[in-house]
Each structure stands twice: as C-alpha cells, then as structure tokens.
Amino acid sequence: MESINKWSQTLKIKQNSLLSQHYPETVLYSSDNLNDFLNRYAFIYVKPISNSKGRGVVQIGTNSNGQYTIKGYTIAGSKVDREFNSLEAVIKVIHSIYRRKLNSKRYIIQQGISSVTPDKLALGVRAHIQYVQGKWVLGGMLGKLVDIDSGIVNRNRGAWALPIRQLLLQHLQMDQQQAEKLEKEIERICIEVGKVFGDEKRRIVECGIDIGIDQLGKVWVFEVNMIGPSIEFFSYLKDKSMFNQILENR
C-alpha cells in the first residue's frame, strides 16, 4: 500500500475548509519559492516529500547578524548547523545535504511555525486516530519536547514524551479550562484528518498526526503519518492507558 507523500497531503488538506486553516503554507521547491518564503517568513523548512523520522528536514532562517542559518538533519540523519552570508551559498549547501539536484518533484518548502514553550523548548503534540466500527476515534494524544533550536520535534531526534495535560498546564502555563478546550480542538481537527485521508480503497485505518501550537495557542497540523504509524512513543509514558487503548482498538 503506497503512502501519501507530503505534497499529496498538502493538496488534500488545502481542499478542506477546516484543515486548510491549520496547515502552514506549503509549496513545491524552487529557488524562487525559497527566496519568496524567506522574504515573508522568519524561518522556513525544506523537506523531502517522502522521508520520515526527521531525516532530510532543514530549517532555514536568519540570525541577529543577518546571516542565513541552516539547522536540521541530512538524509542520512547527521546533524546540520551552519551559517552563510548569501542565499546562493545556502542553496549550494542544501544541494550537498540532499546529495542530488533539488527539484520540485522531491521536496517541499513550508512556512515555519514557532511552536515553543516560554522557556524556549521546542514542543509538539502527537495524536493517534483510528477507524473503529465505522468511525474515526482518538486513540491517544501526548506532548513532545526537545531542547534543540531547529524546531524538529521528533522521537528519533531526541524529543521526549509527556502527558498532554502536563505540556499544556506546566510548560504552556494554561489553566485547566484552557487546556481542556485546546485538547478538544486538537481532537476535532484530528478526526477531520481521518475523514480526509480515510480512503477505503487505500485501507487507511490509522493516522499518527504531528501537531504544533504557536504563541497564540493556535493548532497547526505539520504532518500526517498513515502507513504503519508508530505508537512506541505512547509506551514511554508512565500511564500506559493510551498505549493499551490503541492496541485494543487495533
């Protein structure tokens, strides 16, 4: 069963009135698009359309000295953290990172969303939805944190798991009412994701959804993992109830 790559995901999400409001602006790679995005956003991401586990994802922005910065990981998973004086130099290095000529069929450029705690830890939410007895349900939801400044919040890149309520109350300093409201909004958005990608012919019955929360508390969908989405992160929580619920749903 073929997965739906990041660009195909983008096209389907853009067609949904709810999800399109919670998805960063995303275009196919070109040097013109890269220049345009860097002129309009504080930072952006370049991503291969088909890789996983954070491999090949780089964040590009500028520092206080006006230099371009590249932070992230090569296709092989090696860490990248460099500074350059020109966009031309950035493009040259990106080509070397991917070890092949960049073209619009393999890579996307995505608007950067600042999803960090007040003490500058990069944060994320992982939600797992499942198609059970004719409807999409939320199997579990957890928080993720990582102390790197590339904004790549991935278990394979050093992120750790914590209960979603702890993330919202302790790290984002919400009150109980705000936290409950946000959790319900995340669930509503995730169920809509299931409806959009739950094509019966593709037999997609589970989705692992990577989510960000910006400084205004807005929820953003970063990526949808549909083919064998991992649930290992849920087993890292002290409370195994969500992990067990996902297994029971399966």
Side-chain angles (χ1 to χ4, degrees), residues 1-29 33 37 44-54 57 104-113 115 123-144 151-155 164 181-214 216-231 233-234 242 245-246 248-250:
M1 182 169 55
E2 183 183 356
S3 180
I4 300 177
N5 67 44
K6 293 181 179 68
W7 180 241
S8 298
Q9 286 185 28
T10 297
L11 296 178
K12 290 180 75 69
I13 287 173
K14 282 182 176 180
Q15 295 172 0
N16 183 277
S17 59
L18 171 62
L19 298 183
S20 61
Q21 300 174 51
H22 297 273
Y23 191 71
E25 184 180 1
T26 304
V27 296
L28 288 170
Y29 178 88
N33 283 340
F37 268 47
I44 59 97
Y45 288 96
V46 176
K47 302 178 179 181
I49 66 171
S50 58
N51 277 48
S52 61
K53 300 180 180 179
V57 178
S104 62
K105 295 181 180 179
R106 294 194 181 108
Y107 304 92
I108 59 172
I109 303 172
Q110 194 167 71
Q111 167 192 0
I113 302 294
S115 182
L123 72 92
V125 174
R126 177 68 174 224
H128 194 93
I129 58 171
Q130 298 168 286
Y131 193 70
V132 181
Q133 296 182 343
K135 66 178 181 179
W136 286 93
V137 299
L138 179 69
M141 184 193 308
L142 56 76
K144 302 184 292 181
I152 300 170
V153 191
N154 188 287
R155 175 175 59 86
I164 181 67
K181 181 180 179 180
L182 189 63
E183 287 177 32
K184 288 181 179 178
E185 182 181 11
I186 292 173
E187 180 175 1
R188 179 173 69 95
I189 291 169
C190 289
I191 296 301
E192 189 70 18
V193 168
K195 294 175 181 178
V196 167
F197 290 104
D199 185 341
E200 189 173 326
K201 293 180 181 179
R202 302 182 74 94
R203 295 178 296 166
I204 293 172
V205 295
E206 291 186 87
C207 295
I209 306 168
D210 293 320
I211 290 168
I213 304 169
D214 69 18
L216 299 177
K218 182 174 179 177
V219 175
W220 294 88
V221 175
F222 290 153
E223 189 172 338
V224 182
N225 304 277
M226 286 164 273
I227 307 303
S230 174
I231 64 171
F233 226 8
F234 289 93
M242 283 187 291
Q245 182 65 61
I246 294 170
E248 184 178 336
N249 289 344
R250 285 180 171 177

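- Nearest heavy-atom pair across Ile129 and Ile209 is CD1-CD1, 3.9 Å.
- Using a 4.5 Å cut-off on side-chain heavy atoms (C-beta onward), Trp7 and Lys47 make no contact.
- Partner of Asn249 under the side-chain hydrogen bond (donor to acceptor under 3.5 Å, both in side chains) criterion, chosen from Gln130, Glu206, Gln133: Gln130.
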task = Using the side chain to side chain contact (heavy atoms under 4.5 Å, CB included) rule, take Glu25 and Phe37 through it: C-alpha gap first, then chi angles, then the decisive distance, then the call.
result = CA-CA 9 Å; Glu25 184 180 1; Phe37 268 47; 3.7 Å; yes
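- To the nearest 0.5 Å, atom OG of residue Ser20 and atom NZ of residue Lys12 are 14.0 Å apart.
- Between Ile164 and Val125, the shortest heavy-atom contact is CD1-CG2, 3.7 Å.
- In this structure, Gln21 contributes its side chain and Ser17 its backbone to a donor-acceptor pair below 3.5 Å.
- Closest heavy-atom contact between Cys207 and Met226: SG-CG, 3.7 Å.
- For the pair Ile113 and Pro24, the tightest heavy-atom approach, listed with the atom from each and the gap, is CG1-CG, 4.0 Å.
- For Trp136, the ring pair (Phe, Tyr, Trp, His ring centres under 6.0 Å) partners two or more places apart in sequence, or in a different chain, are Tyr131.
- Panel note: side chain Lys14, backbone Thr26; a donor-acceptor pair is recorded below 3.5 Å.
- Residue Asn16 holds its CG atom at 9.0 Å from CZ of Phe197, rounded to the nearest 0.5 Å.
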message = Could you go through Ile108 and Leu28, starting from their C-alpha distance and side-chain angles, then the distance that decides it, and tell me whether this counts as side chain to side chain contact (heavy atoms under 4.5 Å, CB included)?
response = CA-CA 4 Å; Ile108 59 172; Leu28 288 170; 4.3 Å; yes
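- Nearest heavy atom pair, residue Lys144 against residue Leu142, reads CG-CD1, 3.7 Å.
- Atom CD1 of Ile213 sits about 6.0 Å away from atom OG of Ser115, to the nearest 0.5 Å.
- Nearest approach of Pro229 to Gly208, heavy atoms of both residues: CB-N, 3.6 Å.
- Proximity of a side-chain donor or acceptor of Gln9 to a complementary backbone N or O of Val224 within less than 3.5 Å is detected.
- Around the NZ atom of Lys135, the shell of radius 6.0 Å holds no more than 12 heavy atoms that belong to other residues, nucleotides or ligands.
- Remark: Glu192 CD to Ile13 CD1 distance equals 11.0 Å, nearest 0.5 Å.
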inquiry  = Determine whether Arg126 and Asn225 satisfy the following criterion, side chain to side chain contact (heavy atoms under 4.5 Å, CB included), listing intermediate values before the conclusion.
reply    = CA-CA 10 Å; Arg126 177 68 174 224; Asn225 304 277; 3.3 Å; yes
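- Summarising the geometry, atom CD1 belonging to Ile186 is positioned 12.5 Å from atom CD1 belonging to Ile191; distances are rounded to the nearest 0.5 Å.
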request  = Give the intermediate values and the outcome of side chain to side chain contact (heavy atoms under 4.5 Å, CB included) for residues Ile211 and His22.
outcome  = CA-CA 10 Å; Ile211 290 168; His22 297 273; over 6 Å; no
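- Distance check: Glu187 CD to Leu182 CG gives 12.0 Å after rounding to the nearest 0.5 Å.
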